[in-house]
J.: 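Dropping the structure in here first, questions after.
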Amino acid sequence: MRKGFLTFAAVGLLATGSMAACGDNGGSSDEAGGGSNAKKPKIGVILPDSKSSARWEGADRKYLKAAFDAAGVESDIQNAQNDKTAFQTIADQMITNGVNVLMIVNLDSGTGKAVLDKAKSQGVATIDYDRLTLGGSAQYYVSFDNEAVGKLQGEGLSKCLTDKGVKNPSISYLNGSPTDNNATLFKNGYDSVLKPKFDSKEYTKVADDPVPAWDNAQAATIFEQQLTKAGGKIDGVLAANDGLGNAAISVLKKNKLNGKVPVTGQDATKEGLQNILAGDQCMTVYKAVKKEADAAADLAIALAKGERKDTGQTVKDPEGGRDVPAVLLEPKAIYKDNVKDVVADGYVTKEELCTGAFAKLCTDAGVS
């Protein structure tokens with residue numbers, strides 16, 4: 001497995017030597033898993049859905065469970081399926097059933113904050129996984145540098161348009177969910193690259209729409225409306241993840257524009273990588289989810305045993321004004337010529353990716 005995708009190794013940051021007794025989880029050492037009569041460590045994880053991205057069930061669940069199992073720690077991993085009521089119910093059940101640590105991927109900051117605050121009041125330690133809960137109380141935040149993700153997308157779209165020789169391109173934005181702080185950070189990142197081009201009139205922005213709940217079906221409808229309003233002239237699509245990118249591609253295919261209009265993505269899903277191999281998507285952003293899951297599991301296991309680890313960095317919660325201890329990993333841009341790197345890293349297997357018509361495309365792209 002390749003190791004060169006990150007600027008630092010997350011687990012290396014979480015140095016054992018920096019452990020200290022966990023003093024702010026609202027519970028005693030016994031409640032936190034630390035005393036002679038300590039409750040057995042148990043960790044609850046709530047994933048957001050299974051539709052917005054294949055990563056949640058296809059990658060995060062298995063990597064988190066493997067990390068907990070390897071440490072001999074009991075875990076309960078459930079998926080809220082984009083239902084805020086279900087999200088809160090699952091959290092309540094996990095707390096009632098005795099989890100020491102609750103790790104969440106929030107559906108929005110309001111619901112996430114309510115869950116985190118209740119957990120804290122019950123002496124349960126908490127971690128924000130992948131998405132920061134604004135105004136929340138989680139003891140850690142583990143994710144990728146999400147503005148860097150967006151910057152790679154903006155640079156990717158610009159590169160693909162240059163490679164195609166497109167002059168004064170008309171650009172469409174398909175942004176992520178307005179309730180997801182990550183979507184805001186992604187947009188900050190790609191705006192940092194593309195806004196100067198809009199301001200100088202080198203590029204023209206013709207559409208800029210959020211996609212509620214990252215819903216791919218809505219994304220297709222929104223993009224079809226964008227394309228119609230633009231009179232069929234959209235030269236590049238900044239899609240915030242592979243699911244939204246594929247939704248745009250489905251509309252481009254109907255209009256015989258696929259492969260002509262560069263489309264970005266994120267998550268390096270099998271579908272996104274196949275779209276890149278086929279020439280319908282120009283790039284995606286690979287986030288080594290195993291590294292993210294391992295870092296979060298390492299922190300959760302320590303908290304469940306009544307320990308704290310020093311991550312060596314923080315992020316500012318702009319709503320709560322709090323510096324949240326954090327682990328932020330580095331993303332990587334993926335184009336056709338380095339799709340093979342994602343396979344080499346073990347995130348997607350050759351057998352999964354290179355099926356049917358994609359077998360030859362994989363060979364041509366050096367996937368082995």
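Keep in mind that this is a model prediction, so the values were computed, not measured.
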J.: Between the side chains of Asp298 and Lys309, is the shortest nitrogen-to-carboxylate-oxygen separation below 4.0 Å, so that they form an ion pair?
T.: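 Salt bridge: yes.
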J.: Distance alone, cut at 3.5 Å: any donor-acceptor contact between the side chains of Arg55 and Tyr63?
T.: no
J.: Using the benzene-type ring in the case of Trp, are the ring centres of Tyr173 and Tyr190 under 6.0 Å apart?
T.: yes
J.: Kindly indicate, with the supporting measurements, whether the criterion side-chain contact (heavy atoms from CB on, under 4.5 Å) is fulfilled by Ile171 and Thr204.
T.: CA-CA 6 Å; Ile171 306 300; Thr204 301; over 6 Å; no
J.: On a heavy-atom basis, which atom in Pro48 and which in Leu107 lie closest, and how many Å separate them?
T.: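 Minimum heavy-atom separation between Pro48 and Leu107: O-CD2, 3.4 Å.
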J.: Before accepting this row, confirm whether a basic side-chain N of the pair Lys187/Asp191 lies closer than 4.0 Å to the acidic partner's carboxylate O.
T.: yes
J.: Evaluate Asn79 against Asp49 for side chain to side chain donor-acceptor pair (under 3.5 Å), listing each step before the verdict.
T.: CA-CA 6 Å; Asn79 194 311; Asp49 65 83; over 6 Å; no
J.: How long is the straight-line distance from NZ of Lys197 back to CG of Asn168, given to the nearest 0.5 Å?
T.: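 That separation rounds to 12.0 Å.
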J.: Using the side-chain hydrogen bond (donor to acceptor under 3.5 Å, both in side chains) rule, pick out the option among Asn246, Asp280, Asp242 that qualifies with Asn275.
T.: Asn246
J.: In terms of side-chain heavy atoms, does Thr184 have a donor or acceptor partner in Asn181 at a distance below 3.5 Å?
T.: no
J.: Checking Thr133 against Asn106: is there a side-chain donor and acceptor pair closer than 3.5 Å?
T.: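 Yes, side-chain donor-acceptor contact under 3.5 Å.
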J.: When you compare the side chain of Leu134 with that of Pro318, does any pair of heavy atoms fall below 4.5 Å?
T.: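 In contact.
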J.: So, Gln81 and Ser50: side-chain donor and acceptor under 3.5 Å apart, yes or no?
T.: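 Yes, because at least one side-chain N or O of Gln81 sits under 3.5 Å from a partner of the opposite role on Ser50.
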J.: Drop me the distance from Ile276's CD1 to Gln281's CD, to the nearest 0.5 angstrom.
T.: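 If we round to the nearest 0.5 Å, Ile276:CD1 and Gln281:CD are 5.0 Å apart.
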J.: Checking Asn97 against Asp76: is there a side-chain donor and acceptor pair closer than 3.5 Å?
T.: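 No.
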J.: Does atom NZ of Lys350 have more than 12 heavy-atom neighbours, drawn from other residues, nucleotides or ligands, at distances under 6.0 Å?
T.: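 Counting neighbours around NZ of Lys350, 12 or fewer heavy atoms of other residues, nucleotides or ligands fall under 6.0 Å, so no.
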J.: Can you name the nearest heavy-atom pair linking Ala288 to Asp345, along with the distance?
T.: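 Smallest interatomic distance, heavy atoms only, reads CB-OD2, 4.2 Å.
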J.: How far does NZ of Lys290 sit from OH of Tyr347, to the nearest 0.5 angstrom?
T.: 13.0 Å
J.: Between Lys113 and Gly136, what is the shortest heavy-atom contact and its length?
T.: CG-CA, 4.3 Å
J.: Run Tyr203 and Ser170 through side chain to side chain donor-acceptor pair (under 3.5 Å) and show every step you take.
T.: CA-CA 6 Å; Tyr203 289 6; Ser170 297; over 6 Å; no
J.: Quick one: which of Thr269, Val367, Leu273 gives a side-chain contact (heavy atoms from CB on, under 4.5 Å) with Val342?
T.: Leu273
J.: Any side-chain heavy atom of Asp60 sitting closer than 4.5 Å to one from Tyr129?
T.: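 When only atoms from C-beta onward are counted, Tyr129 and Asp60 do touch, with a gap below 4.5 Å.
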J.: Strictly below 4.0 Å, N to O, side chains only: are Lys260 and Asp235 in salt-bridge contact?
T.: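 Salt bridge: no.
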J.: Are side-chain N/O atoms of Tyr286 and Asp267 paired as donor and acceptor at under 3.5 Å?
T.: no
J.: Does the side chain of Val124 come within less than 4.5 Å of Asn100's, by heavy atoms?
T.: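 No, every pair of side-chain atoms sits at 4.5 Å or beyond.
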J.: With rounding to the nearest 0.5 angstrom, report the CZ to CG distance, Phe144 to Leu152.
T.: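 With rounding to 0.5 Å, CZ (Phe144) is 12.0 Å from CG (Leu152).
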J.: Go through Gln266 and Lys287 one step at a time and tell me if the side chain to side chain donor-acceptor pair (under 3.5 Å) criterion holds.
T.: CA-CA 8 Å; Gln266 177 191 174; Lys287 300 183 295 188; 2.7 Å; yes
J.: Among the clusters formed by ILVMFWY side chains lying less than 4.5 Å apart, do Val289 and Leu185 turn up in the same one?
T.: no
J.: Indicate whether the side chain of Asp108 and that of Thr111 have a donor and an acceptor atom separated by less than 3.5 Å.
T.: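 The answer is yes; a qualifying pair exists.
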J.: Under 3.5 Å, is there a donor-acceptor pair linking the side chains of Asn175 and Asp208?
T.: yes
J.: So Val237 and Thr264, side-chain contact (heavy atoms from CB on, under 4.5 Å) or not? Walk me through it.
T.: CA-CA 6 Å; Val237 182; Thr264 67; over 6 Å; no
J.: Do Gln226 and Ser172 have side-chain N/O donor and acceptor atoms under 3.5 Å apart?
T.: yes
J.: Taking all non-hydrogen atoms of both residues into account, name the closest pair between Met103 and Ala300 and its distance.
T.: CE-CB, 3.9 Å
J.: To the nearest 0.5 angstrom, please state how far the CD atom of Glu224 sits from the CG atom of Leu252.
T.: 10.0 Å
J.: Rounded at 0.5 Å granularity, tell me how far CG in Asp130 sits from CD1 in Ile104.
T.: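 So the gap between those two atoms works out to 11.5 Å.
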J.: What I want to check is whether the side chains of Trp214 and Asp180 have a donor and an acceptor closer together than 3.5 Å.
T.: yes
J.: Is the number of heavy atoms from other residues, nucleotides or ligands within 6.0 Å of NZ (Lys205) greater than 12?
T.: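 Yes, enclosed.
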